[in-house]
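Worksheet for the structure shown next.
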Amino acid sequence: MTGIQIVQSASAVPAHTVVNDELNAYMDTSDDWITTRTGIKQRHVSTGQTTSDLCTSVAQKLLQQAGWQAADLDFIIVATMSPDYLTPATAAIVQGRIGAKKAFAFDLNAACSGFIYGLKVAEGLLQVSGNRGMLIGGEVLSKLVDWHERSTAVLFGDGAAGVLLKNEPSQTSAFLATDLQTFGELSDRLTAGYQPVNSVFATDTTAAHQKYFEMDGRAVYKFATHEVPASIQRALQKAGPLVHGIDYFILHQANQRIIDQIAKRLDQPKDKFLTNVADFGNTSAASVPILLAEAIQAGVIKRGQTIVLSGFGGGLTVGTQVIKY
């Protein structure tokens, strides 16, 4: 077991917020309709900040809080499904902006599970490629939303958050167990940002331009409420004697009803499941780290506590990480 530790956490979100009633101008909806079905009251929406802008802000906060120099970093990972470009990677842009010249940088896309997948990748890198790394989950999902489609537009928000990680071999690792699962046969249940074949040589011109979110809500709900509890149980089984009770569960903030159902299936009290979905909506890969950073800053999560982090979404994917913070 390696001595991997979470050193600092930080977040950054656009200043502009959109409350539910503001969406009436674009679609047939209401605050009551949205709140009852999702638990969301508002979301932060970019008026110009890109994914790399938000992630750079997080990176700068992390370094300042830790007293680290950018040159101290061995790698930077950005988990995102809404990058500024297909290339360069968002992480490369962040690396250049903060001057982390020694760090290699790349993006990871596992949608709403991205931060959890990123933790597993970072764990492996810290064992072989250095002692200090940065992992950020960042999204500007508002550019992938059809703001006239009620079934999806009410759900998503923008934001970024991340952590600094270090490997201290002399210490016991904070990373206790991981469970990652991908269900590619369900990949068409949640899609966004389709890139069609579009050249002078293309023979099939019938492919739809599926830029915006398309989701089978019932299928995703069923997937989340069954596969997330199963993933958490597998991770806890792997952790075994390392775990003596879970202090808090930090789940992807997709929908309050999903979170409540997962708590019920795990037979755990709801107050162990921290939430901020009402204020941020679904921010995909940024969801878990935003809530983690918020809870740490508020003093809710303290050193020595055992936390379950779990993400789920497009792919379809699910990922769970058990940590001792």
Side-chain angles (χ1 to χ4, degrees), residues 1 37-39 79 81 108-124 137 155 173-191 215-277 282-289 291-292 295 301 305-325:
M1 183 177 293
R37 289 163 175 78
T38 69
M81 61 168 287
L108 181 156
N109 182 358
C112 306
S113 304
F115 186 76
I116 309 301
Y117 278 52
L119 286 173
K120 184 61 176 177
V121 173
E123 180 183 17
L155 300 175
S173 179
F175 286 31
L176 305 183
T178 308
D179 179 79
L180 305 177
Q181 298 285 324
T182 300
F183 301 81
E185 69 276 12
L186 302 176
S187 60
D188 62 347
R189 304 307 195 269
L190 176 56
T191 62
M215 180 173 66
D216 182 338
R218 289 185 178 181
V220 172
Y221 181 89
K222 180 180 179 181
F223 166 79
T225 55
H226 286 78
E227 296 301 339
V228 176
S231 176
I232 291 172
Q233 289 170 336
R234 286 192 298 268
L236 291 175
Q237 187 175 21
K238 291 177 185 177
L242 297 174
V243 174
H244 301 286
I246 302 301
D247 292 289
Y248 291 108
F249 295 82
I250 294 183
L251 306 187
H252 167 50
Q253 302 292 289
N255 181 308
Q256 187 63 50
R257 292 169 65 185
I258 290 176
I259 296 168
D260 291 343
Q261 186 63 25
I262 291 170
K264 182 178 179 180
R265 286 184 177 273
L266 291 171
D267 194 24
Q268 292 287 327
K270 287 185 180 180
D271 60 5
K272 285 191 175 185
F273 290 76
L274 303 181
T275 63
N276 63 7
V277 67
N282 180 342
T283 57
S284 191
S287 171
V288 168
L291 181 52
L292 177 65
I301 290 181
Q305 291 179 332
T306 303
I307 314 298
V308 170
L309 309 175
S310 191
F312 51 92
L316 295 178
T317 59
V318 61
T320 299
Q321 177 73 55
V322 184
I323 66 169
K324 185 171 287 291
Y325 177 66

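Predicted model only: the values in this text are computed from it and were never measured. Keep in mind that the numbers below use all heavy atoms, side chains included, and drop hydrogens, waters and symmetry copies.
- Listed by chain and number, the residues in a ring pair (Phe, Tyr, Trp, His ring centres under 6.0 Å) with Tyr117 amount to none (sequence neighbours excluded).
- Residues Gly313 and Cys112 share a closest heavy-atom pair of CA-CB, 4.0 Å.
- The two atoms that bring Arg37 and Arg257 nearest to each other are O-CD, 3.1 Å, heavy atoms only.
- Among residues two or more places apart in sequence or in another chain, the ring pair (Phe, Tyr, Trp, His ring centres under 6.0 Å) test is passed with Phe249 by Phe273.
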Please step through side-chain contact (heavy atoms from CB on, under 4.5 Å) for the pair Ile301 and Leu274, ending with a clear verdict.
-> CA-CA 10 Å; Ile301 290 181; Leu274 303 181; 4.2 Å; yes
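- The list of side-chain hydrogen bond (donor to acceptor under 3.5 Å, both in side chains) pairs with a residue in residues 245-254, not counting sequence neighbours, reads His252-Asn282, His252-Ser287.
- In this structure Ser284 satisfies the side chain to side chain donor-acceptor pair (under 3.5 Å) test together with Glu139, sequence neighbours excluded.
- The minimum heavy-atom distance between Ala79 and Ala285, with the atom names listed, is O-CB, 3.4 Å.
- Applying the side chain to side chain donor-acceptor pair (under 3.5 Å) test to Thr178 and every residue at least two apart in sequence or in another chain returns Gln321.
- Contact detail for Ile116 and Gly311: the closest heavy-atom pair is CG1-N, 3.6 Å.
- Here the shortest heavy-atom pairing between Ala177 and Ala239 reads CB-N, 3.6 Å.
- In this structure a side-chain-to-backbone donor-acceptor pair under 3.5 Å is present from Ser173 to Phe175.
- Taking every heavy atom of both residues into account, Ser310 and Val318 meet most closely at OG-CG2, 4.4 Å.
- With sequence neighbours excluded, no residue satisfies side chain to side chain donor-acceptor pair (under 3.5 Å) with Ser187.
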For a quick test of your reading: what N or O donor-acceptor pairs under 3.5 Å do the side chains of residues 223-233 make, sequence neighbours left out?
{"residue": "Thr225", "atom": "OG1", "partner": "Tyr221", "partner atom": "O", "Å": "2.9"}
{"residue": "Thr225", "atom": "OG1", "partner": "Lys222", "partner atom": "O", "Å": "3.3"}
{"residue": "His226", "atom": "ND1", "partner": "Lys222", "partner atom": "O", "Å": "2.8"}
{"residue": "His226", "atom": "NE2", "partner": "Arg265", "partner atom": "NH2", "Å": "3.3"}
{"residue": "Ser231", "atom": "OG", "partner": "Asp179", "partner atom": "OD2", "Å": "2.7"}
{"residue": "Ser231", "atom": "OG", "partner": "Thr320", "partner atom": "OG1", "Å": "2.8"}

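- Remark: Gln256 pairs with Asp260 by the side chain to side chain donor-acceptor pair (under 3.5 Å) rule, at least two apart or across chains.
- Within the 4.5 Å cutoff, the side chain of Thr38 has no heavy atoms near those of the Val277 side chain.
- Distance check, rounded to the nearest 0.5 Å: CD1 of Ile323 to CG of Leu309 gives 4.5 Å.
- Between atom CZ of residue Arg234 and atom CD of residue Gln237 there is a gap of 9.5 Å, rounded to the nearest 0.5 Å.
- Here the side chain of Thr317 pairs a donor or acceptor atom with the backbone of Gly314 at under 3.5 angstrom.
- Within the structure, side-chain hydrogen bond (donor to acceptor under 3.5 Å, both in side chains) pairs that include any residue of residues 266-277 comprise Asn276-Glu294 (at least two apart or interchain).
- Expressed to the nearest 0.5 Å, how far CD of Gln305 lies from NZ of Lys324 amounts to 9.0 Å.
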